[in-house]
Amino acid sequence: MATKKVHIIKTGVANIASMMAAFRRLGGEPELTENPDHVRGDDWVVLPGVGSFGAGMQRIEELGMREALVERAAAGKPLLAVCLGLQLLCAESEESAGVEGLGIVPAKITRFPDTVRIPQFGWNRVAADESCRLLTSGYAYFANSYRLREAPEGWSPATAEHGGPFVAAMERENILACQFHPEISGKWGLGLLERWLQC
Amino acid sequence: MLTVRIIPCLDVKHGRVVKGVKFQGLRDQGAPDELAAAYEGQGADEIVMLDVSATPEGRGTQLETVRKIRERLSIPLTVGGGVRELDDAEQLLNAGADKVSINTAAVRNPDIVDQMAERFGSQCTVIAVDAKGDGQGSWEVVVSGGRKPTGIDAIEWIGEVYRRGAGEILLTSWDRDGTREGYDLTLLEAASDAVPIPIIASGGADNPTHLAEAFDAGADAVLAASIFHEGDYTVAEVKEELAEAGFEVRQSI
């Protein structure tokens, strides 16, 4: 079997080395990309992201990747969105009012309630819906202040609790969006990435 | 619900894991990547690696150690020791750290905390605070391995770095470090009351009861070195005891 190329969109400075190490361990061939043609192609694509919603979208626009990402999602080609990446798939966020998200998921990102610690830092228990094909239940590592409350129709969710339930991850066709960091969520996280690589 | 976190700490000098008492009398404990992988296998929730040689010429060795650990580790890795500038932090992130811890550099130039949070995000920005008690309910920040007092009140300092964008506080009791007398619980209570971000307790652990006490005092995570390196307990054994005591821990899957 040919080695699977994984194009990781260079959205900024973050723990990308961990993501690359995880894919190497799974036998993939990860590379950073700033090229929209990679997003249009048939390889595996990762949309990572830390920082604010507004800065993340600005970076996507600068790279000229909005349209390529929307088309890719519509075609159901393998796409992994991680942390802020999940939020960028949505239409808008409380974090950056007036900024238009990718709109692949018709939903708004909101802040956790003040009754819990913000940001959410650490391991939280994730429960996968029966309809999930890639996601399973387990423990995942999170670092976020904002979240998606409910998965829209057509997406199979895995939920966790932090001031009420929120979407820990969701999947549709070959699109996997994780609020947590699968690349540093232990063997469980690696297992999830491995299943996505087999899409 | 978030779990409590157990974080084995690797104090690394010239590419080897060492451990001393009150930052002195360092003893060799093994290869960093071997130990990190073994601890992940036991159920460790994260690994912290602190470079205690932290000399400019040690920089290359440190990056190589981070790369080696990263290739084997699939849980979060925090790296600290000798981080002076933003570029140092960026190199560590590129080598495979998920978070970078800074200590002395932040005391010398507090603006670096804002800059790190702005450039890499608060989730990458860990501020290490070494606190030395005066025996009367106050603690002073000490730097340079505890050799230099700063005159800064530790609790006020923790509040300041939080406002500047720190994502987590790695709080070491200088008085308890390596003594195995238990964490400084009064210090932990004061710190966790002062800021809403996670406090990682460090310095003084000897047994699972000490860890439980730290969580009860407000710590979100505990750092421990000696009890794991010396083989007194595995991480799994510690987690089992904590689970029995009613704490939510991440089960190894």
Side-chain angles (χ1 to χ4, degrees), chain A residues 11-26 32 49-52 55-56 83-84 112 114-126 136-145 160-165 180-194, chain B residues 1-7 40-41 43-47 63 66-79 86 89-100 116-126 167-168 192 195-200 220-221 248-253:
Chain A
T11 47
V13 182
N15 66 329
I16 294 299
S18 300
M19 180 82 77
M20 298 187 72
F23 280 117
R24 275 197 299 273
R25 201 167 316 145
L26 294 171
L32 289 173
V50 294
S52 71
C83 198
L84 178 70
F112 282 119
D114 287 335
T115 48
V116 289
R117 281 209 166 178
I118 304 175
Q120 167 184 224
F121 270 127
W123 294 86
N124 203 336
R125 187 160 40 172
V126 171
T136 59
S137 298
Y139 286 88
Y141 186 82
F142 290 85
N144 61 310
S145 300
E161 291 276 335
H162 191 60
F180 53 80
H181 287 270
E183 75 280 13
I184 46 174
S185 289
K187 282 202 172 69
W188 177 83
L190 283 183
L192 176 60
L193 292 179
E194 190 168 27
Chain B
M1 192 183 153
L2 291 174
T3 69
V4 296
R5 288 177 276 158
I6 309 294
I7 310 178
E40 178 179 339
D45 296 308
E46 301 186 36
I47 298 290
L63 291 174
V66 173
R67 276 184 212 108
K68 272 192 190 160
I69 296 178
R70 178 79 281 158
E71 286 308 316
R72 303 186 62 171
L73 204 65
S74 55
I75 54 175
L77 173 65
T78 302
V79 180
L86 281 192
E90 185 161 348
Q91 282 186 34
L92 289 169
L93 290 170
N94 287 337
D98 298 294
K99 318 183 210 183
V100 173
M116 272 186 65
E118 168 73 27
R119 183 135 160 221
F120 312 122
S122 288
Q123 85 291 335
C124 280
T125 308
V126 179
E168 284 183 293
S192 70
V195 290
I197 52 175
I199 305 288
I200 305 166
D220 298 85
E248 171 103 14
V249 297
R250 177 178 72 109
Q251 308 291 350
S252 303
I253 297 165

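Throughout, a chain's letter reflects where its sequence line sits, starting with A, and its residues are numbered from 1.
- To the nearest 0.5 angstrom, B:Gln123 atom CD is 10.0 Å from A:Asn144 atom CG.
- Listed options A:His181, A:Met19, A:Arg24 were ranked by heavy-atom pairs under 4.5 angstrom with chain B; first place goes to A:Arg24.
- Residue contact with chain B, scored on non-hydrogen atoms closer than 4.5 Å, involves the backbone and the side chain of A:Phe121 alike.
- For the side-chain contact (heavy atoms from CB on, under 4.5 Å) criterion with B:Arg250, the lone passing option out of A:Tyr139, A:Tyr141, A:Trp188 is A:Tyr139.
- The shortest non-hydrogen separation linking A:Ala17 to B:Asn94 is CB-O, 3.4 Å.
- B:Ala95 touches chain A through its backbone: at least one of N, CA, C or O sits under 4.5 Å from a heavy atom, while the side chain does not.
- The neighbour count for B:Glu71 CD, taken as heavy atoms of other residues, nucleotides or ligands under 6.0 Å away, is above 12.
- Heavy atoms of B:Arg70 lying under 4.5 Å from chain A belong to its backbone as well as its side chain.
- A:His162 has its side chain within reach of B:Leu2: a pair of non-hydrogen atoms, C-beta onward, lies under 4.5 Å apart.
- No other option in A:Ser145, A:Gly186, A:Gly191 has as many heavy-atom pairs under 4.5 Å with chain B as A:Gly186.
- Contact annotation for A:Ser18: both backbone and side-chain heavy atoms come within less than 4.5 Å of a heavy atom of chain B.
- Here the closest heavy-atom approach between residue B:Pro198 and residue A:Arg117 is recorded as CA-NH1, 3.5 Å.
- Both the backbone and the side chain of A:Glu161 come within less than 4.5 Å of a heavy atom in chain B.
- If you measure heavy-atom distances from B:Glu248 to chain A, the contacts under 4.5 Å come from the side chain alone.
- Using a 4.5 Å cut-off between heavy atoms, B:Val249 contacts chain A through its backbone alone, with no side-chain atom that close.
- Under a 3.5 Å cut-off, the side chain of A:Arg25 and the backbone N or O of B:Leu73 do form a donor-acceptor pair.
- Ranked by non-hydrogen atom pairs under 4.5 Å with chain A, the options B:Pro196, B:Ala117, B:Ser122 are led by B:Pro196.
- A pairwise comparison of heavy atoms in A:Trp123 and B:Asp45 identifies NE1-O, 2.9 Å as the closest pair.
- Annotation for B:Arg67: atom CZ counts as buried by contact number, over 12 foreign heavy atoms lying within 6.0 Å.
- Heavy atoms of B:Val195 lying under 4.5 Å from chain A belong exclusively to its backbone.
- When all heavy atoms of B:Ser74 and A:Lys187 are compared, the closest pair comes out as OG-N, 4.1 Å.
- Only the backbone of B:Arg72 comes within contact range of chain A, with heavy atoms under 4.5 Å apart.
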